[in-house]
Amino acid sequence: MSAAIYAGTFDPITNGHVSIIRSGLVAFDRIIVAVLTNTKKSPLFSVAERTEMIEDAIGGETRVEVDRFDDGLLVEYAKRKGVRVVLRGLRAVGDFEHELQLANMNRHLDPDIETVFIMASDYFFVSSTLIKEAASLGGSLEGMVPSLVADRLRAKFGR
Ligand code: ADP
């Protein structure tokens, strides 16, 4: 069985993330969505909230496992899970430089772990950061995030 790890902060999950997971399922039998808990980004949502929104968005897809990734190197986590592929999404040229560095750093740390990229399509302009900004200002999130995420964002920002 082929498997890949899709790690991120998912604060919150967007339709962009969901589309990468769906495309990933075309290429891999199994995807482990790993929620980064120890992030420098001071997330808006707790790990439990982020996990719940991912599980709701993926809606009972048995080939997806939602897990948490607490500490240490991603390559070590992958190894523990017995997975050799890290899946990433590429939105625009802006993502490229950082992703190139990250993929090569991971390759340097562990040559057995390979990074695979999937090109963003419909949601190339969507990021969790921009979604939170739009939500905080009362903007419409229509079509950009799963419905539970839209509800939770409205509740967070009291709108
Ligand atoms: P990070 O935690 O690295 O800031 P995220 O948690 O936002 O990143 O996303 C994890 C992965 O999903 C990254 O590879 C990122 O490029 C990808 N991604 C995020 N938003 C989108 C999108 N709208 N379309 C495609 N890929 C995306």
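In each ligand, atom 1 is the first atom listed, and ligand 1 is the first ligand listed.
- For ligand 1, the atoms sitting less than 4.0 Å from at least one non-hydrogen atom of Ile20 are 25 (C), 26 (N), numbered in the order shown with element in parentheses.
- Those atoms of ligand 1 with a heavy atom of Tyr6 less than 4.0 angstrom away are 11 (C), 12 (O), 17 (C), 18 (N).
- Of the charged side-chain nitrogens involved, none lies within less than 4.0 Å of a carboxylate oxygen, so that Glu76 and Lys81 do not count as a salt-bridged pair.
- Taking every heavy atom of Ala120 and a limit of under 4.0 angstrom, the matching atoms of ligand 1 come to 24 (N), 25 (C).
- Within the 4.0 Å heavy-atom cutoff, Phe124 does not count among the residues contacting ligand 1.
- In this structure, a donor-acceptor pair under 3.5 Å is present between the side chains of Tyr77 and Asp67.
- For atom 5 (P) of ligand 1, the closest non-hydrogen atom on the protein side is His17 NE2, 3.6 Å.
- Residue contacts with ligand 1 include Ala7, since one of its heavy atoms falls under 4.0 Å from the ligand.
- Side chain to side chain, Ser128 and Asp11 fail the donor-acceptor criterion of an N or O pair below 3.5 Å.
- By heavy-atom distance, the residue among Met119, Arg91, Arg88 lying nearest atom 27 (C) of ligand 1 is Arg91.
- Residue Glu99 has at least one heavy-atom neighbour below 4.0 Å for each of these atoms of ligand 1: 14 (O), 16 (O).
- Nearest protein heavy-atom contact of atom 14 (O) of ligand 1 is Gly89 N, 3.0 Å.
- Here the side chains of Ile21 and Ile58 are in contact, with some heavy-atom distance below 4.5 Å.
- Residue Phe10 approaches ligand 1 through these ligand atoms, each under 4.0 Å from one of its heavy atoms: 6 (O).
- Residue Gly16 holds the heavy atom nearest to atom 22 (C) of ligand 1 of all those in Pro12, Ser23, Gly16.
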